[in-house]
4 protein chains.
Amino acid sequence: MSDPSSQRASRDPGGCGPPEPEDNPKRRQILDGARRMFLAQGFEGASMQDVARAAGVSKGTLYVYFDSKEAMFEALVLTECGRLQRTIRQLGAGVEGVEHELRQIARSMIDTLLQDEVMAAMRMMIGAGEKFPDLARKIYEAGPMRSIETLAEYFALRVTRGDLAMQDCREAGAEFVDLVLAGLQRRALLMMPPLSDAGTDAFVRRRVARFLAVYAPNATAPEPRQ
Amino acid sequence: MSDPSSQRASRDPGGCGPPEPEDNPKRRQILDGARRMFLAQGFEGASMQDVARAAGVSKGTLYVYFDSKEAMFEALVLTECGRLQRTIRQLGAGVEGVEHELRQIARSMIDTLLQDEVMAAMRMMIGAGEKFPDLARKIYEAGPMRSIETLAEYFALRVTRGDLAMQDCREAGAEFVDLVLAGLQRRALLMMPPLSDAGTDAFVRRRVARFLAVYAPNATAPEPRQ
Amino acid sequence: MSDPSSQRASRDPGGCGPPEPEDNPKRRQILDGARRMFLAQGFEGASMQDVARAAGVSKGTLYVYFDSKEAMFEALVLTECGRLQRTIRQLGAGVEGVEHELRQIARSMIDTLLQDEVMAAMRMMIGAGEKFPDLARKIYEAGPMRSIETLAEYFALRVTRGDLAMQDCREAGAEFVDLVLAGLQRRALLMMPPLSDAGTDAFVRRRVARFLAVYAPNATAPEPRQ
Amino acid sequence: MSDPSSQRASRDPGGCGPPEPEDNPKRRQILDGARRMFLAQGFEGASMQDVARAAGVSKGTLYVYFDSKEAMFEALVLTECGRLQRTIRQLGAGVEGVEHELRQIARSMIDTLLQDEVMAAMRMMIGAGEKFPDLARKIYEAGPMRSIETLAEYFALRVTRGDLAMQDCREAGAEFVDLVLAGLQRRALLMMPPLSDAGTDAFVRRRVARFLAVYAPNATAPEPRQ
DNA sequence: CATGAATGAGCTTTCATTCAT
DNA sequence: TATGAATGAAAGCTCATTCAT
C-alpha cells in the first residue's frame, strides 16, 4: 500500500461528505497548485503544465496522484465542498437578538461567499457544469442547499423560542438566501464591482427588514420604505 | 471599403446598445453558426472548425469577418444581449390585475430565462467572465440590470395607478427578481433538475404573495403561509 | 469535396483490391515518408514526428490526410499490398522450358521478396499482426496466398501442355513456395546474412529438381544428390 | 560481489549456448514476469510497470537486475532460446518406423512451434529484429538452425541404418522443415486461422510422403498424387 | 537489496491561425 | 471575396529511468 494512487478510489465515494483529513502532503501540495490554477483560469484554461508548475512538481507526478485532469478537478472540487460546508456551518453561530442576528448572518454569508476566491470557485464550477453535471449537483447540495438547511435549523430554533413565526423553515431559509445573497451574487458572477461596505450594510438592513416583515410574529403591517 | 472586416471595430462601441441592424448576411450566417456551437459546447469546447461547419462556410472565411475566436465570441455575445433585451422588454406587456399580472410576469421570466439554451448561454458567459470581465459586465447591464429596470418602469406605472405602493421602484424590481427568479436560476446553474410545472406555479404564487405582502398598498398583515 | 480527407473512407473498402490510382500528390508524399519510416522502425518505433519529417510536411498535415497513426499505417499497408500483387502477377510471365522456367520463377521470387525493403515490410506486418489481425490476414491473402494461386494457374497451364503432372495445382504451388522460398525467407526474417549469388543459384537448382522429381511426368526415379 | 547486476555481463557471452543454470531466484522471477508480458504485448506494448507487476516486484528492482528494458528483453530471449533448444532436442526421440516416425516428428514440431505462445514469441522476435539484429541471428541459430541440425543428426542415424538415403543430411533437414513446417508457420505469422486437426494430419501425410519420395532408398518412382 | 516517488522527454492528437490561390 | 491546405504550438498523457531511503 505504498502507492500514493491507492488513495484515489477510497476518497469519499458518497459525495461531498465529511471533512476529509487528506493526509498525504504531496497530494495536498498538488491540489493546492490545482486550486490556484483552476480558480484563476477555469478547467479548460489551466493546463496540466500550469498545475504542475503551480504545485512545484513535474507533470508526471500529477499522474502519480490523479488518473486524469478530470479526476484531479473532481478531487479538488470535493475538497472545496468540504471547506465550504465547514464555513457554512459556522455562519450564524452564537449571535443574539433576531434582527441583529439575521443581519450578522447575512453579512457573514455575503462576506464569505462573495470573496474573490469563492466567486472564482463558483464560476469555475458553473462553467464546468455542462461537462460534469453530477459534480455540479453535488456542489449544489453541498453549497446552497446546505446553507438553506443550516438556516432552516436556525429558524426552527428561533420559532421554538417564539422569535420567528413560520410553517416551512426550509422555504423561509430559501427566501432568506434569495433576499440577502442572490442579487449580490448575481452581480459578482458577472464581474460587477462590489457594493461599498456602507452600501452592503444598507442592503442587508433593507432585506432583513423585508424578511422580518413577513416572518416576525409580532410584525406590524409592513411599512413600504426606502 | 469592400473588406467586410472593416465593420469589426465600428460595431456598437458603447456596449449592448440598441438592436443592431447587422446587415451583412454572411456575418449573420457565421454568428448564427457560432451561436449554435458556443451554446452547445461552450467557448473552449467549440472549435473554429465546428463553427465554420455549423455556419456553412470555410474556416478561412471566419477570419475575414472576425479577427480571432475571442472577437467572434464577443460579437456573438453582444448580439445575444440585444436579443435578450428585446425579450425582456416584452415580458409583462399588456396583462391586467396586479397579483395575476405579477404571477404572469414571474412565470414568463422563469420560462424564458430557465430554458436550456439560455442557461447554457449564462453558464458560458459566467465561465468566460474571468477571461472577459468587460464583456461580463456588459452582459450584466444588458441582462439582469435591464430586467430590473424594465420591472421598475412597470412598477412605477402601477404606482401611479395606485395598485402598488413603493418608494424605490428599482429596489422593488431587484427584490422581485431575487424572490421569483434567483433561487430557480441558482438551481439550474448547478444542473439541478427543474421543478415540475405545478411546483413552479406554487413557487410563483408563494413568492409573488411575499412581494405583495410588502408592496400592496392595502396589504393586510401578511399571513405567514407555506 | 475539396477536403483531402474525404478520400479516406472511399479507398478500397473491400481490402487489398485492385491497384489504387491514388492521385493526391500530398497524400502520396506522406505515404512515401510513412513507408520509409515504418519500414525502418516498425509501427511503434516510428513516431508521427519521424513520419512528418520524412515526408517533408508538418505534423499537423499528417492529420489532414489521415485520421490517426493506425489509419495511416493501414492505408500504407494496403498500398503496399497492391504493389506486391502487381509484382507477383508478373513473376513467371513468358519463359520457356519447364525446369529452366521454374528456376527463373524461383529466382525471381527470391530476388523480389528477399529485398531488404520487402523483408522490412514483412517484418513490420508480422510485428503489427497482434495489433491488427484483420490487416495481417488481408496481407496474407494479398501476398503469399496470391503467389500460390498465381503459381497454381501457371502449373495448370503446364499440365495441359503435358509438361507437368499433378492433381492439385494449388497444393503444388504451396509446395513450390515452401521449397524454394520459405527457408531463405526464414533466414532473412531473423536477420541472417543472405546466401551468395552462387549459393542461391545452387539452392534453386537443388530445390527445383526436388520439385520436378515429384511433379515431372517423365521423372525417372529421383537420384538423391548433393 | 553482492550486486546482482554483476551477473549481467557474464551471462552466456557466446550466444544461445547450453542451458543456463540461472540460479538467482529474483532474476528468474523477473524474467518470468517479463516473459508473460512481452509475449502478450510485444516489446513496445509491455511497459516496465507491467513487467514489474507481473513479476511481483517494484519497478526499481527491475533495474537492479537489468540495465535497461532492452537488456532485459535480450536476457529473456536468450533464456527462451535455451528452452526452445531443449524442446527441439526431444522432438523425435525414440519413435520407430521411418514414415510413421517422420510424421510424428512433423506433428510434434507443428504442435510445439505453432502454439499461440510460441508464435507470439516469434512475432515479437521478428518484429524486434530490426532493432536487435544480433539477437535475431542468435535466435535463428538457437531455433531453426538448431532444429535442422537435430533433424540432420536423426537422419544420419537413419542413413546408417539404411532407412534413408541422402548425401547431405543438413540439406535434407532443411528441406524437411520447409516442407512440413514453413507453410503453416507463414499462415500463423499473418494471423490466419490454423488448419483443423484432420487438415493438419492430411498435410503432414502429404508432405512427409513427398519427402520420402526423394529420400527413401527403396522409393519407387514417385506417384504424383493428391 | 529493495522500494516507489519523482522526473522529463516524448508520445499522439487538436486547433487557432495564415496564406497562396 | 472565399477557400482549404498547411502549419506549429500546445494539449493530455505515458513511460523508461533515477535516486533517496
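The figures that follow rest on heavy atoms only: side chains count, while hydrogens, waters and symmetry mates do not.
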DNA chain F in dot-bracket form (Watson-Crick or G-U pairs under 3.5 Å, [ ] crossing, | inter-strand) is .||||||||||||||||||||
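Within the structure, every side-chain polar atom (N or O) of A/Y63 is placed at least 4.0 Å from both OP1 and OP2 of F/dT14. Side-chain N/O atoms of A/S58 include none lying less than 4.0 angstrom from OP1 or OP2 on E/dA6.
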Ring pair (Phe, Tyr, Trp, His ring centres under 6.0 Å) between B/F132 and B/F73: does it pass, once the steps are laid out?
-> CA-CA 10 Å; B/F132 308 93; B/F73 181 75; 5.4 Å; yes
Show the numbers, then the answer: is there a side-chain contact (heavy atoms from CB on, under 4.5 Å) between C/Y65 and C/V57?
-> CA-CA 11 Å; C/Y65 291 90; C/V57 301; over 6 Å; no
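Comparing E/dT3, F/dT17, F/dC13 against the side chain of D/K69 picks out F/dT17 as the nearest. The listed nucleotides are E/dG10, F/dT17, E/dA16; the one nearest the side chain of B/K59 is E/dA16. Listed nucleotides F/dT1, F/dG12, F/dA6 differ in distance to C/K26; the shortest reach to its side chain belongs to F/dA6.
Distance, B/L62 CG to F/dT1 P: 15 Å, rounded to whole Å. For the pair A/Q49 CD and E/dG10 C1', the computed distance is 13 Å after rounding to whole Å. To the nearest angstrom, P of F/dA6 lies 19 Å from CZ of C/R53. If you measure from atom CG of D/N24 to atom C1' of E/dA2, you get 13 Å, rounded to the nearest angstrom. As rounded to whole Å, 12 Å separates atom C1' of E/dC15 from atom CZ of B/F43. For the pair A/M48 CE and E/dT12 P, the computed distance is 20 Å after rounding to whole Å. When the P atom of E/dT12 is taken as reference, atom CD of C/E70 falls 11 Å away, rounded to whole Å. The distance from atom CZ of D/R27 to atom P of E/dC1 is 14 Å, rounded to the nearest whole Å.
Ion pairing between A/R36 and A/D32 holds under the 4.0 Å rule for side-chain N and carboxylate O. A salt bridge is absent between B/D134 and B/K138; no separation between the charged side-chain nitrogens and carboxylate oxygens falls under 4.0 Å.
When heavy atoms are screened at a 4.0 angstrom cut-off, A/T61 is found touching base atoms of the nucleic acid. Heavy atoms of B/A52 sit nowhere under 4.0 angstrom from any nucleic acid atom.
Within 6.0 Å of CD on C/E117 lie no more than 12 heavy atoms contributed by other residues, nucleotides or ligands.
When each of B/V57 and D/A46 is assigned the nucleotide of DNA chain F with its nearest heavy atom, B/V57 is the one assigned upstream, toward the 5' end. When each of C/G60 and A/G56 is assigned the nucleotide of DNA chain E bearing its nearest heavy atom, the one mapping closer to the 5' terminus is A/G56.
Remark: B/K69 qualifies as a cation-pi partner of B/F43 under the 6.0 Å distance and 45° angle criteria applied to the six-membered ring.
Side-chain atoms of C/K26 do not come within 3.5 Å of backbone N or O of C/T61 as any donor-acceptor pair.
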